[in-house]
Q: 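The following block contains the structure, expressed as structure tokens.
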Amino acid sequence: MASVQHPTVSWEPMLDGQVFYRKQQIYTMQWDIRNLSDYIIAGARYGGPFALMRDPHKMVAFGQGTFTRPTIQVFSSAGELLLALPWDQGNVIAFGWTSAEQLVVLNDEGIYRIHDLQGDYQQFSLGSEAAELGIIDAKIYESGMVAMTSNVGLLEVKGWGGGKPLILANTGLVQPPRCWSIIEPDQTISRHVEVLLADEQTIYSVDNLESIDQSIHRGPFVQISVSPNGKLIALLNGSGLLWIVSSDFQQRYAEYETSNEGLGEPRQVVWCGSDAVVVNWDELVLVVGPYGNSLRHYYTSPAYTLNEMDGVRIIDSSQCDFIQKVPSSSEKVFKPGSTAPAAILFDALEHFERKSPKADEAIRSIRPELAGAVNDVVEAAGQEIEPYWQRRLLHAAQFGRAFLDLYNPTDFVNMGQTLKVLNAVRYYEIGIPITYVQYVHRTPQHLIQRLTSRNMHLLALKMCSYLGIKPDDVLKHWAIAKIAKSKSPAPPPSGLTGGVDEDDAVCKLIVKKFRSVGAGAESGGGVSFAEVAKKAWESGRGRLATMLLDHEPRAADQVPLLLAMNEDLLALTKSISSGDTDLVFHVLLHLLRHMTLGDFFRLLEDGGATLDTGGRLLVVYAKEQNREMLRDYWYQDDRRTESALLALEDATRAKEQENNLDLVKAAAKFFSEDKERGFEAKMTDDHAKLLALQQQLEKESNGKIDFYGLSVSDTIRRCIVNGMNKRAEGIRGAWKVSDKRFWYIKLYALTEARDFEGLDVFAKSKKPPIGYEPFVNHLVEKGFPKQAATYVPKCDAKVRVDLYVKCGEWRNAGMECKERGDKARLDELRRTAPNNLIVRELDQILSSMS
């Protein structure tokens, strides 16, 4: 441990020791690149990889390792080659990284590809207008891109879903700017991207609404760099003046003459966090502080700088460095001469290890601030890259905790976990030199996603287990990668089975892994076998996809993919077994759209009892939405009764008489084809004949009288009402209407027609089979009591009194009582008489009986 340098060895003071900056070497580069100035480079933030492409404008000696066509190489921060992308889509205008570590490459025709670290890509376009004008430059940031066309128009791409680009405000420029930059949407007040264009002596600010001349007149500017927090802008003009202003150009903070270095125009101007500006010449990296102070770092070969939120990452041909302002917690502990409680606590640990009594004195001196000192030491441990000093600082924190009665150890424990994770991913074979500040800002889930995208599934799974994070996304990516790398089995020779061992092995491996981790959907986890099966299907592994789907318990995820795979019978069976009627309907409708009716009906028929539920649901749907299809379905299934009932139901809905009659005849035919439906066949046939007769009656009446759809009784009744007595008699005979029923019909019809003479003739034609009492009751009911009274004498004697009373003939009722000698009944009539006049008449009849 004696060989480990003290943290302050790499510290350099600025502002007379008020601020310190440190440069730490993170890696020795593993590549064989000798001169980075020969390449166009784009780096991903948060310890991400670097993409390099040989600069086509520079001549490079052809030799071993030189590509004959444009190739973009992707390296980790340690110089390990992650990916090589041959490019054959025109001239590359720009490339950059998304927040998910996907490489975006844009060509001069507006075509851009989004590559993952496995080489797979999605391709999109900026549109036909961009292709016609041509793209001359672009700025790519984590959540979007701004492209510049040949007429100095600006197109903004929001997100990486391939959406239509947004045209920003007209820049008003005739020639392309000498330099330009952007302020990302999450750093502006409007939450829209803001473009900064350098034109002659000034800067134009352009967004989606307007272009504003900032009128600063200190140009021409050759470099524009926006700080990570979006609040400050570094401007470098042609004379070498570095000028720091606020992002709204209202405040000026600092100036620095880079021309004093005598190195000409710098290659890069980037920010070191949001505290200092780094000016990069090929072999000199100059750090300019907020008040014009500077630090110099020399390199043996051209360097490339990449700004981070808390520093700047620098690579050259041999090493990867990180420069940052020393964090305040580290200053408190390690700053020479520091009297901060954190420094005293750290010294106390060293005294304690030497068994010196000064340890107790040191602890006593900071006892009131001990809790804060422990927190500062824990925070300082997170800021150190060297594991030795991380452990020393955590030991100091642990030592200080022992003297505290009450202390929440959560931060201490979390820091220990975090440092273990950070040290694992910083290892050169992984090559992600992410800092503690960046890790907290980006969250552990994002780091796991980055490891997953690099196919480092084992480390990602261990990290998930260690941090208590669900491994669903990692397992899904692992399974898809496993399928992609496994060999597709060759088809077996004709007449033989086999060639499926690879699919079986891969399926078993994936299922076993999901179950062992407890992440499969059947174990209550969030990984869907259907998602993995879909990728297997897309890669041409249909059998493997089917095997994986057998382990998917969620039918809603399982069935759609089965449909896409043309596994129609299996999809319908799975949907029915799920009990989800909506899902069954979805499958049925899909099959109806993509199959002929014959094939569809045959599928249901071949399914037997298993698909009965599907057939019933199909009937429910078809009754409401597609009755023609239902008619075909029942016909081919030889279900004559259902076909007849459907025809009758359709007949009730038919608006045209001809259609109605045809449907009734069709129903009669269907019934007749079923031996068990003889009665229904006869009734339906009679109904069809009645409808035909009613059509004839309407024709005879020139359409003035409506008969169609009436019952036999109503048809006879309407004939009598309209004087068509012969027709009524004919219908009576044809449909064998009984005498009683016919007498009732004619009684009602003649009463309705008020043909009381005809009614009297009808009543006298022969003895009514229904008697005369119905005549009286019906006439009274319809409001004809006088006519009704004429039929009372023909009724039975025992009901005459009541019938007279019903007709309002109280006197006749009294006389009937007198003739019968029923004095008691007469007394009852007297008591219930409606008025005194009737009472007196009844009294006279009663007195005459005495």
Side-chain angles (χ1 to χ4, degrees), residues 623 627-628 630-631 634-635 640-674 677-763 765-766 768-770 774-775 778-779 782 784:
K623 278 186 176 181
R627 300 178 72 84
E628 186 66 30
L630 181 59
R631 189 177 296 110
W634 274 339
Y635 182 80
R640 296 296 185 251
T641 300
E642 287 82 355
S643 297
L645 294 175
L646 179 64
L648 289 176
E649 189 175 343
D650 288 342
T652 61
R653 300 182 179 186
K655 296 181 179 180
E656 298 294 333
Q657 292 182 3
E658 291 298 332
N659 293 340
N660 177 273
L661 182 56
D662 291 342
L663 289 168
V664 173
K665 289 180 179 179
K669 183 175 181 298
F670 285 130
F671 278 131
S672 67
E673 293 173 356
D674 190 337
R677 299 296 177 182
F679 173 76
E680 289 84 352
K682 180 65 171 63
M683 292 298 99
T684 311
D685 185 60
D686 287 347
H687 182 53
K689 292 178 181 178
L690 177 61
L691 293 176
L693 175 61
Q694 289 170 343
Q695 281 186 330
Q696 182 63 32
L697 291 173
E698 289 187 353
K699 289 180 180 178
E700 291 177 3
S701 65
N702 296 322
K704 296 179 180 180
I705 306 173
D706 294 330
F707 286 98
Y708 199 83
L710 298 178
S711 65
V712 173
S713 297
D714 288 340
T715 303
I716 295 173
R717 181 176 178 177
R718 188 156 295 183
C719 285
I720 294 171
V721 169
N722 291 279
M724 304 168 68
N725 293 307
K726 289 184 178 181
R727 276 294 195 179
E729 289 291 342
I731 296 171
R732 173 191 179 186
W735 271 268
K736 299 179 181 179
V737 179
S738 65
D739 284 348
K740 284 188 176 182
R741 182 181 175 190
F742 182 74
W743 273 74
Y744 273 112
I745 293 171
K746 193 163 186 178
L747 166 63
Y748 297 159
L750 292 173
T751 303
E752 181 182 349
R754 298 192 179 190
D755 185 2
F756 300 115
E757 292 182 3
L759 181 62
D760 188 53
V761 172
F762 175 59
S765 63
K766 69 175 185 177
I770 62 175
F775 282 74
H778 183 66
L779 287 168
K782 294 301 181 181
F784 306 111

Q: Using 0.5 Å steps for rounding, measure from the OG atom of Ser713 to the CH2 atom of Trp735.
A: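 It comes to 12.0 Å.
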Q: Atom CD of Glu700 and atom CG of Leu693: how far apart are they, to the nearest 0.5 Å?
A: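 Atom-to-atom, Glu700:CD and Leu693:CG are 8.0 Å apart.
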Q: Phe775 vs Ile770, test: side chain to side chain contact (heavy atoms under 4.5 Å, CB included). Steps then yes/no.
A: CA-CA 9 Å; Phe775 282 74; Ile770 62 175; 4.1 Å; yes
Q: Quick one: are Ile731 and Leu697 in side-chain contact, heavy atoms under 4.5 Å?
A: yes
Q: Drop me the distance from Asp755's CG to Leu750's CG, to the nearest 0.5 angstrom.
A: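 Those atoms lie 5.5 Å apart.
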Q: Are Arg718 and Asp714 side-chain neighbours, meaning at least one heavy-atom pair lies under 4.5 Å?
A: no
Q: Please lay out, stage by stage, how Gln696 and Arg727 fare under the test side chain to side chain contact (heavy atoms under 4.5 Å, CB included).
A: CA-CA 11 Å; Gln696 182 63 32; Arg727 276 294 195 179; 3.9 Å; yes
Q: Minimum heavy-atom separation for Ser701 to Ile705, with atom names?
A: OG-N, 3.5 Å
Q: Please give me the minimum heavy-atom distance between Ala749 and Val721, naming the atom from each residue.
A: O-CG2, 3.6 Å
Q: Could you report the tightest heavy-atom contact between Trp743 and Pro768, atom names first, then the distance?
A: CZ3-CB, 3.5 Å
Q: I want to check something: taking the side chain as every heavy atom from C-beta on, are His778 and Leu759 in contact at a cut-off of under 4.5 Å?
A: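 Answer no - side chains too far apart.
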Q: Parallel, tilted or perpendicular: which one describes the rings of Phe784 and Phe756, with boundaries at 30° and 60°?
A: perpendicular
Q: Are any of the side-chain heavy atoms of Phe707 and Cys719 separated by less than 4.5 Å?
A: yes
Q: Can you confirm whether Val712 sits close enough to Arg741 that some side-chain heavy atom of one is under 4.5 Å from a side-chain heavy atom of the other?
A: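 Yes; the side chains approach each other to less than 4.5 Å.
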Q: State plainly whether the residues Arg732 and Glu729 are in salt-bridge range, i.e. N to O under 4.0 Å.
A: yes
Q: Could you measure the distance from the CD atom of Glu752 to the CD1 atom of Ile720? Nearest 0.5 Å is fine.
A: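 Nearest 0.5 Å value for the CD-CD1 distance: 10.5 Å.
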